[in-house]
> 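Can you keep this structure in mind? I'll have questions shortly.
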2 protein chains.
Amino acid sequence: MKDQPVTIKDIASEVGMSVSSISRALSDHPHISEETKVKVRAAAEKLGYRYNALAAALRSSKSKTIGLIVPRISMPFQSAVITAIQNRLHTYGYNVMICQSNESPELEKKLVDLLLAIQVEGLIVSSTLYTKDYSVFDRSSLGGIPVVFYDRVPKDKACHKIVGDEFNGGYQVTKHLLEQGCRVIAHISGPLSCSIYQHRLSGYKEALNEFGVQYNEDLVFFHELNRENTLASCDELFKNEVVPDAVFACNDTAALTVIEYAGKNNISVPGDLKVSGYSNDNRVEISRPKITSVEQFPHLMGDGAAKLIMDLIQSTENNKSYISLTTSIELIKRESSLKV
Amino acid sequence: MKDQPVTIKDIASEVGMSVSSISRALSDHPHISEETKVKVRAAAEKLGYRYNALAAALRSSKSKTIGLIVPRISMPFQSAVITAIQNRLHTYGYNVMICQSNESPELEKKLVDLLLAIQVEGLIVSSTLYTKDYSVFDRSSLGGIPVVFYDRVPKDKACHKIVGDEFNGGYQVTKHLLEQGCRVIAHISGPLSCSIYQHRLSGYKEALNEFGVQYNEDLVFFHELNRENTLASCDELFKNEVVPDAVFACNDTAALTVIEYAGKNNISVPGDLKVSGYSNDNRVEISRPKITSVEQFPHLMGDGAAKLIMDLIQSTENNKSYISLTTSIELIKRESSLKV
DNA sequence: TATTGATCTGCAATCGTTTGCAGATACATA
DNA sequence: TATGTATCTGCAAACGATTGCAGATCAATA
């Protein structure tokens, strides 16, 4: 009974060869004959050998690991993206170290340090709502490893990224509500420090403009899209003499909250108030009425992010230029926004 | 400009000391004077030194990493547990490598290999619905690292584990339905290969027995709890002459599906049919009627699992005995199961 | 002065792989 | 026999930290 783990050294003495040949045999190096490979593999099996990826990573400086930083894994959109990334990277033989920033820029910074310490070969990041200082992601701070942002990407910084077509999403939702006859369309958005909300807002404005509707600041709210904040915004909205006939909420939680508020205040949806959410998570079909929302195809985004980071890792040339990809969105119309 | 990463060797030559002193200074070893520590830290900062956790892990055989294997991160219960585990382990200075088995026992086995290769110091596992062969988790196969199971735990194998009080959950739900006057209570369960469903079934039987209701095999279904299977079971249930007056579904997806089925077939819930789910995920409050369910306190379970694995790692004695923890559950009664 | 003890520092081996280079072997050809 | 070529194998130095042990320094005490 060994208590020390079995190493390639042990295999080497077992089969009477050098460690280098064992190493090469196990990694299927072309200079090793097929019969030795078979012999070596058999010996490894017999001794209960376990590959030490740490030692290999140290020597070859290839950890075969990608760091992933997300705000929270519990958001349906995020968990779908993560799963796609993970599955895709597995096919490349890469692991993913998933970290949650919990919407804290400080923690996010610490996580970068942590991931660099374990020698990840690349970083995939969806940043917090409040990240302003992206300097930790500069090439110089990262020691040369590539980073790909998705969804929540830096506003004013050139970088590799993959994002949904947020402008179009905002535009489509608003246009749809306008087409349903709405003219007082509130917009409950996340903080503008976050790029996606800026673009949706632009889409919203564009559609209003096209329909000749004046943009009204009193109808627009920017805050984290939880229940409390959204209820406060609803209070604000409905205390005025002129009340909205539609709400475009920037996620489904907010849309659900608006519907909850409407229910409690005898406002009929979609009769008196039409509502749209965003992200098309699994709750929109359960709600009564079912909620119009925007599908973001998280699987495509995750897949794209994973492919992109692998391209960057594998490309030898140091790419000066930044790649920016956009995934399409699709407005899914449901009861909450349709004419009765 | 260095292109090679800065190592403690570089710091050593910068400040004119040996690498061992640098190593000790940086890790705050007591044998190093405070002033040298300050000097060393300053030099490290100046040179842009980055700790190489891989090298340290190799030398000290302490990777400071725990492997986590879950069926899917997208289940609300799971993502809550994962977050709790991760937060807790971070306070111990440990990272978590999260892997998804995707309900495949084969993949699960591969993931164990992968995690062992990267030298995790412990494993936390919630197994697939179909895992029968737990031998990969034997002490001998694991090379001495501890493993803690949670929620989906081995049925017939002694192990460290933390589970919800499933028997009581099954009992409480059933008793509640009986108290509402129901006597034909269907049970839509997951496959019995999975321990939790066995225990809930036992609780179900116990409550029936207490109320003098005969257990009826025709009312009980075992399958993965997705929409398709659940709809099929509903068809089965309602084609008989004697139809159920309640359904105890073993997760909230199934409960939602039952309610969907009832809606389509003019069965009023809770008037004609009372329904309970399990897990109390965020959809049960959105559904109309709101759904009775069982809160499992995933945060407590994750926290407990994390603490337990750390105890096992830190305890020097090789513990012969296995620790089994149970977290409490709470039945949350809502409209779907209450007398009208 | 010699001894002790406390405090700090350095040497060098080690963790388990990978890999550039050189050497060995075998066989065919000149 | 000598040479070339193709194929395989081994040596030994990395990778960047940790750590047991021994040694150095210096002040305090006998």
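Below, read A as the first sequence line, B as the second, and so on, with proteins coming before strands; counting in each chain starts at 1. Here the structure is a predicted model, which is why all the values come from computation and not from measurement. Just so it is clear, the values below take in all heavy atoms, side chains as well, and ignore hydrogens, waters and symmetry mates.
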> Measure the distance from NE2 on A:H31 to P on C:dG20 and round it to the nearest whole Å.
11 Å
> Which part of the nucleic acid does B:S61 contact within heavy-atom distance under 4.0 Å: base, sugar-phosphate only, or nothing?
nothing
> For A:T36 and D:dC8, is the shortest distance between a side-chain N/O and OP1 or OP2 below 4.0 Å?
no
> Take B:R41 and B:E34 through the test salt bridge (charged side-chain N to carboxylate O under 4.0 Å, His left out) and record every step on the way to the result.
CA-CA 11 Å; B:R41 280 195 280 259; B:E34 198 50 45; 3.4 Å; yes
> From D:dT18, D:dT9, C:dG10, pick the nucleotide closest to the side chain of B:S60?
D:dT18
> What is the distance, to the nearest angstrom, from the CD1 atom on A:I8 to the C1' atom on D:dT9?
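Distance check: A:I8 CD1 to D:dT9 C1' gives 14 Å.
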> For B:S33 and for B:Q119, locate the closest nucleotide of DNA chain C by heavy-atom distance; then report the residue assigned to the nucleotide nearer the 5' terminus.
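In this pair, the answer is B:S33.
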> Among the nucleotides C:dT17, D:dT9, C:dT9, which one has an atom lying closest to any side-chain atom of A:S21?
D:dT9
> Among side-chain atoms of A:E224 and A:Y130, is any donor-acceptor pair under 3.5 angstrom?
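Indeed, the side chains of A:E224 and A:Y130 share at least one donor-acceptor pair under 3.5 Å.
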> Measure CD1/A:I11 against C1'/D:dG10 and give the value in whole Å, please.
17 Å
> A quick test of your reading: do over 12 heavy atoms of other residues, nucleotides or ligands sit less than 6.0 Å from NZ of B:K157?
yes
> Could you say whether B:L58 or A:K62 is positioned toward the 5' end of DNA chain C, judged by the nucleotide with the nearest heavy atom to each?
B:L58
> Any donor-acceptor pair under 3.5 Å between the side chain of A:R24 and the base of C:dG20?
yes
> Any chance the side chains of B:Q314 and B:Y92 put a donor and an acceptor closer than 3.5 Å?
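No, no side-chain donor-acceptor pair sits under 3.5 Å.
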> For A:Y51 and C:dT17, what is the distance between atoms OH and C1' respectively, to the nearest whole Å?
7 Å
> Considering every strand and a 4.0 Å limit on heavy-atom distances, what is the contact class for B:S20: base, sugar-phosphate, or nothing?
base
> Whole angstrom is fine here: how far is it from CG in A:L47 over to C1' in C:dG16?
15 Å
> If I take atom NZ in residue B:K9 and atom P in nucleotide D:dC15, what distance separates them, rounded to the nearest angstrom?
7 Å
> Closest nucleotide of DNA chain D for A:H29 versus for B:R50: which of these residues is on the 5' side?
A:H29
> Using a heavy-atom cut-off of 4.0 Å across all strands, would you classify A:S27 as base, sugar-phosphate, or nothing?
nothing
> Write down the distance between NZ (A:K64) and P (D:dC15), rounded to a whole number of angstrom.
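Result: 21 Å.
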> Given atom CE of B:M17 and atom C1' of C:dT7, what is their separation to the nearest angstrom?
15 Å
> Under 3.5 Å, is there a donor-acceptor pair linking the side chains of B:E108 and B:Y134?
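No donor-acceptor contact under 3.5 Å links the two side chains.
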> With distance as the sole criterion, do the side chain of A:R59 and the base of C:dT17 form a donor-acceptor contact below 3.5 Å?
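Looking at the base of C:dT17, it does not pair with any donor or acceptor on the side chain of A:R59 (distance under 3.5 Å).
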